[in-house]
Amino acid sequence: MSYEILSLLVFFIGLFGLITKKDMILKLVNLGILQSSVVLFFVSIAFKGDAPIIITSDISNYSDPLIHSFLLTVIVIGFANLALMLVFSMILSNKIKTHVVKEIEAKIE
Amino acid sequence: MFLLSSIFPISMAILSYIFNKYHKIFILISYIGIFISLIISKTPQSYIPGDWSSSNGIEFFFDNEIKIVLICFMFFSAFIYLRFFKNKNHEFTLLWLILNGSLNSFFMSRDFFNIYVHIELISMIVFLILAMDKDSTRIWISLKYMLMSSVALNFYLIGVGMFYSNTGTLNITLSLEFSKPLFSQSFIITGLLIKSGVFFLSGWLPSAQSEASEGVPSILSGIVEKIGLWVIYLIFPLLTFEVKNFLLYFGIISAILSSIFTFLQIDLKKLLAYSTMTQMSYGLIIIAVRPEFFPIFLIYDMFSKGILFLLADDLNEKFGSKNLEKLKNVKISIVPYIIFFILLFNIGGVFPSNLYKLKSSLIIPLIIEVNIFIFGMYFTKLFKTFHISKKFGFKYLYLLLVTPVILYITYIKYNFEISKITYQYLLFFGGVIFYLLIFKKIKFKPINIYSFENSLIYQIAFLLIFFIIESLSRI
């Protein structure tokens, strides 16, 4: 339970950074923190002390392996999204010479 | 067999990229393949790859409702592509076909995680399509959309994790029997509403729809924005009574406010974008009151909104502007002019529009009819801007065939109440007269409430309100 609360705490730290940081790259770093907290949350749901991670009919106490396989997908998608966002930020900063969100908004919108 | 409707376009997408000279032939084969696979697939049926139990496996489900939605979507998608295919290259075709394939399997998915993967896939393709021409504005709107979408889907995942810790399954149908952990509904619904384009939460929507290249706003407004609402429609039986009520009232407030913002816009595509927000709110109201009508809403709104954006794109291309002040007194050919105002009226909620027929079957607070007054105002605003020319507009003749079909879609048994219709028309003409009286005296200016940071703050504020509602419902 403590890991779950910790992961939610990290989630809100990431969210806070995402709102308060002015620089686009720092926002993306905070988004990475937020995504990691989701992964930690799922791991903490599945984790049960020393219990094995294999489901068989004769073992009732086990760490859920299903959620770990799903997490691989979450990590890959998160990585792809973050990479694409960084590429877009790079193209944008090459064109309008700034990473600061308010300046980008002022120049573009 | 029904999964071929998803596998086929994705395979054709890869082939169209390899043999790029023939990409238009592959898209034709793809649509024929989708149509055949949808038509010959028996209903209802479900499929779990690998023969896992439904509690651990990924379930795909196919019934008549999904069949009709997907066939309509196929025609809609083909219609939009055919309209703009001359200007699109093989890279666009690749993304377009993958988008079609992933949307098809999204509608068949019946578990939380598979839905998450599909929404991510659809979103990533939309980001790439939006920023395809590497224009600074489009890259920025795509980046903004991407960041908000990531936050939304992380909310969704946290909620799904909470559900899973309680139920031990990700299957939506199997989850129905279990109790709902505190705050899980708040996270899931907030995430989905950010993706759905409702007012307050979807700061990415107005700029994404107004700045996207031709054809893209049609598909965004027509189908992509509805995927969040579709998931809410699927999980609606899971939600508690208090949450359902909250969604109904949020839908009403959001519909009225987005209508006011629609009226304030001076950019034609932004005006339509805000009216999409109104429609999404109506979608939420329909789900909250009569969920069985949601697929009907999805189909008629897909065509109405898609064609409206298509006509707006054409006006932008022809007159080089989407600013209503610059478009003042421009003359439009007879057919597109009539179709534009019929479809605009169709989403306004006045008799005999599609929205009226759906609304008449719902028991909802009367305050929602304020929207008709505001609709009367922006309908007149557009009516005064455009003028009809003597040209017939043969290019748009096909729309004359499509529009009656759209109007027929909601041919459901509805209550024909003379008093209600009279009252609605009084409100509508009240809006028209009010606009005519004040438009010369007061200059309305659009207000931008969706700066990047503000949009995120609205989302957090909504999440906190949802937390309070969910906590109170437990006391």
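Being a predicted model, the structure only gives us computed values, none of them experimental. Below, read A as the first sequence line, B as the second, and so on, with proteins coming before strands; counting in each chain starts at 1. The figures here come from the full heavy-atom set of this structure, side chains too, leaving out hydrogens, waters and symmetry mates.
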Is Ile460(B) in contact with chain A via its backbone, its side chain, both, or neither, using a 4.5 Å heavy-atom distance?
side chain

So which part of Leu121(B) gets closer than 4.5 Å to some heavy atom of chain A, the side chain, the backbone, both or neither?
neither

Is it the backbone or the side chain of Phe88(A) that comes under 4.5 Å from a heavy atom of chain B, or both, or neither?
both

Cut-off 4.5 Å, heavy atoms of chain A, and the answer for Tyr116(B) is side chain

Rounded at 0.5 Å granularity, tell me how far CE in Met146(B) sits from CG in Leu84(A).
4.0 Å

Is it the backbone or the side chain of Ile104(A) that comes under 4.5 Å from a heavy atom of chain B, or both, or neither?
side chain

Of the backbone (N, CA, C, O) and the side chain (C-beta and beyond), which part of Phe70(A) lies under 4.5 Å from a heavy atom of chain B, both, or neither?
both

When heavy-atom pairs shorter than 4.5 Å are enumerated against chain A, which of Asn454(B), Leu456(B), Ile158(B), Val151(B) gives the highest number?
Ile158(B)

Most contact-rich option vs chain A, by heavy-atom pairs under 4.5 angstrom, among Leu128(B), Leu153(B), Leu157(B), Val160(B), is Leu157(B)

Closest-packed option against chain A by number of heavy-atom pairs under 4.5 Å, given Ile457(B), Leu143(B), Asn448(B):
Leu143(B)

Applying the side-chain hydrogen bond (donor to acceptor under 3.5 Å, both in side chains) test to Glu453(B), which of Lys21(A), Lys27(A), Lys102(A) qualifies?
Lys27(A)

Using non-hydrogen atoms and a 4.5 Å limit, figure out which bit of Lys107(A) sits close to chain B: side chain, backbone, both or neither.
neither

Relative to each other, are the rings of Phe11(A) and Phe187(B) parallel, tilted or perpendicular (30° and 60° limits)?
perpendicular

Going by residue number, which parts of residues 135-142 of chain B are within reach of chain A, meaning a heavy-atom gap below 4.5 Å?
Asp135(B), Ser136(B), Thr137(B), Ile139(B), Trp140(B), Ser142(B)

About how many Å separate OG of Ser149(B) and CE of Met85(A), when rounded to the nearest 0.5 Å?
8.0 Å

For Gly161(B) and Ile45(A) the tightest heavy-atom approach is O-CD1, 3.2 Å

Can you list everything that forms a side chain to side chain donor-acceptor pair (under 3.5 Å) with Tyr156(B)? Sequence neighbours excluded, please.
none

Under a 4.5 Å heavy-atom cut-off, does chain B meet the side chain of Leu18(A), its backbone, both or neither?
both

More than 12 heavy atoms of other residues, nucleotides or ligands under 6.0 Å from CZ of Phe79(A): is that the case?
no

Does any heavy atom of chain A fall under 4.5 Å from the side chain of Lys144(B), the backbone, both, or neither of them?
side chain

Donor-acceptor contact present, side-chain Glu120(B) to main-chain Ile77(A), <3.5 Å:
no

Contacting region of Phe113(B) [heavy-atom separation from chain A under 4.5 Å]:
side chain

With a cut-off of 6.0 Å (strictly less than), are more than 12 heavy atoms of other residues, nucleotides or ligands near CG of Asp51(B)?
no

I'd like to verify something: which residue of Ile96(A), Leu82(A), Leu34(A), Val38(A) has the highest number of heavy-atom pairs under 4.5 Å with chain B?
Val38(A)

Give, as side chain, backbone, both or neither, the part of Ser7(A) having an atom under 4.5 angstrom from any heavy atom of chain B.
neither

How long is the span from the CG atom in Asn81(A) to the CE atom in Met124(B), to the nearest 0.5 Å?
4.5 Å

Within a strict 4.5 Å, meaning less than it, do heavy atoms of the Phe155(B) and Leu15(A) side chains meet?
yes

Ser451(B) versus chain A, the contacting section by heavy-atom distance below 4.5 Å
both

Are more than 12 heavy atoms, taken from residues, nucleotides or ligands other than Tyr458(B), located less than 6.0 Å from that residue's OH atom?
yes

